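Heads up, the thing below is written out as structure tokens.
All values reported here derive from a predicted model rather than from experimental measurement.
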Amino acid sequence: MIDELNALLAQAKDELADARDEAQVEAARIKFLGKKGSLSAVLRGMGKLAPDERPRVGEAVNSVKAGIEDLLERAKKAVAERALDADLRREKLDVTLPGRPQKLGHRHPVSLAMDDIIEIFARLGFHVADGPEIEWDVYNFEKLCFPVDHPARDMQDTFSLDPATLPPPPKGAPDPPTRILRTHTSPVQIRAMLEARKPPIRVITPGKVYRCDSDVTHTPMFHQVECLHVEEGVSMAHLRGTLDAFVKAFFGPHIQTRLRPSYFPFTEPSAEVDISHPLCGGKGCKICKGSGWMEVLGAGMVNPDELSGVGIDPEKYTGYAFGVGIDRLAMLRHGIDDLRLLFDNDVRFLQQL
Ligand code: DAH
């Protein structure tokens, strides 16, 4: 019986040496150690042995069983190693190849322009003031010297809001507090002056504004920045100087500015401001219609009525203000001719900038 057991161990050794995969190792396990396997068959024969032979044979059975188990374990390991080797040989990986770059997003040209504007004015001593996009009619128009029914209101097609859809107005609000989507950033002038109470006041107010208008050069939402400076002794010369410094810092030192008389209810006198066209350098081109100039902003000396309306003495203080479309500036800077391209957010377009 002991010979039989040793033969079994030798047979297991031969078979497992040839095992190619896990399935063959498992088949050998079942064949030698399974319930109906060879070792069980030998064990069943033990009943016929003389009692004094049993311990010796039992010991031999245990040691053969342990031997086969060890062989199975090694065969399993060998099969796994071979499989790994084969995988490594098959999947050649060139670690010296450059990696695939992660695609990064882009700052939007309008955000870039806005950041630059804030930085330029910070250097000139202005700080940023903020106001709500849902604005009171009083701030958007009346306090800026557009009384109800004033014809200048027609210059700005206004989105009105249904009061029933709005949260209740704060305590002390004028009655009835008509609210609209602000049509320009000028109402922040009023808020800034009411808040500061006492000049000197030097603020810029970038933000979104809304008008009921849509074509190649207009979108219902666009961006403006307002500049306001109120102090003793401020004159039109300061306005020109600030405008010139801003335009040169934004577009380059070669850019010229010129003022043309205009009308806004909240400034007296008022002006429209042209800059020499950044793309043709003032020589004249298709976009500037051959004139060499582009109108970019509205400006003027703050109307004394506006100052007294917010409790600032117009005998003592004067101020200048201007308002400019940020989208327009971004378009001019990058030579974009359709405003809507800025808001389509087509990555292929934005990547060019
Ligand atoms: N708020 C005016 C508009 O949107 C632009 C403007 C004109 C702003 C003159 C000003 C200003 O501050 O002084 O059409």
Other residues, nucleotides and ligands only: do more than 12 of their heavy atoms fall within 6.0 Å of [atom1] on [X]?
X   : atom1 : result
K65 : NZ    : no
E59 : CD    : no
E22 : CD    : no
R74 : CZ    : no
I2  : CD1   : yes
R54 : CZ    : yes
D94 : CG    : yes

Main-chain N/O of [Y] paired with [X] side-chain donor or acceptor, under 3.5 Å:
X    : Y    : result
H334 : I336 : no
T318 : V234 : yes
H277 : S291 : no
D327 : H223 : yes
R328 : V296 : no
R211 : H218 : no
T242 : H238 : yes
S38  : K31  : yes
N303 : P265 : yes
T219 : M221 : yes

pair [X]-[Y]: side-chain heavy atoms closer than 4.5 Å:
X    : Y    : answer
I312 : I201 : yes
F266 : H184 : yes
L72  : L33  : yes
R191 : P132 : yes
L39  : L5   : yes
V225 : T185 : no

>> Students often mix this up, so state it plainly: with edges at 30° and 60°, are the rings of H150 and Y263 parallel, tilted or perpendicular?
In response: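 Correct class here is parallel.
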
> Do the ring planes of Y320 and H229 sit parallel (below 30°), tilted (30 to 60°) or perpendicular (above 60°)?
Replying inline: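 Perpendicular: the ring planes of Y320 and H229 meet at over 60°.
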
> Applying the 4.5 Å side-chain criterion to the ILVMFWY set and letting contacts propagate, would L243 and M294 be lumped into a single cluster?
Replying inline: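 Both belong to a single hydrophobic cluster.
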
> If two hydrophobic side chains count as joined below 4.5 Å and joins carry through other members, does V188 share a cluster with F121?
Replying inline: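 Unlinked, V188 and F121 end up in two clusters.
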
Salt bridge [X]-[Y], side-chain N to carboxylate O under 4.0 Å:
X    : Y    : result
R333 : D116 : yes
K77  : E81  : no
R90  : D87  : yes

>> Set out, in order, the CA-CA distance, both residues' side-chain angles and the distance that settles salt bridge (charged side-chain N to carboxylate O under 4.0 Å, His left out) for K248 and D244, then state yes or no.
In response: CA-CA 6 Å; K248 285 185 160 58; D244 219 51; 3.2 Å; yes

Look up atom [atom1] in [X] and atom [atom2] in [Y], then write down how far apart they are to the nearest 0.5 Å.
X    : Y    : atom1 : atom2 : value
E135 : L161 : CD    : CG    : 11.0 Å
E315 : S308 : CD    : OG    : 9.5 Å
T205 : H127 : OG1   : NE2   : 10.5 Å
C212 : L181 : SG    : CG    : 10.0 Å
E119 : F250 : CD    : CZ    : 11.5 Å
S160 : R179 : OG    : CZ    : 13.0 Å

>> The test is side-chain contact (heavy atoms from CB on, under 4.5 Å); show your working for D115 and R107 and say whether it passes.
In response: CA-CA 10 Å; D115 290 351; R107 294 280 285 149; 2.3 Å; yes

> Between Q256 and S276, is any side-chain donor less than 3.5 angstrom from a side-chain acceptor?
Replying inline: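 Q256 vs S276: no donor-acceptor pair found between side chains.
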
> Would V273 and L259 satisfy side-chain contact (heavy atoms from CB on, under 4.5 Å), going step by step from the backbone distance to the final call?
Replying inline: CA-CA 5 Å; V273 182; L259 269 64; 4.1 Å; yes

>> Under the side chain to side chain contact (heavy atoms under 4.5 Å, CB included) test against F126, which residue among I204, I118, L228 passes?
In response: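 Considering I204, I118, L228, a side chain to side chain contact (heavy atoms under 4.5 Å, CB included) with F126 is found only for I204.
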
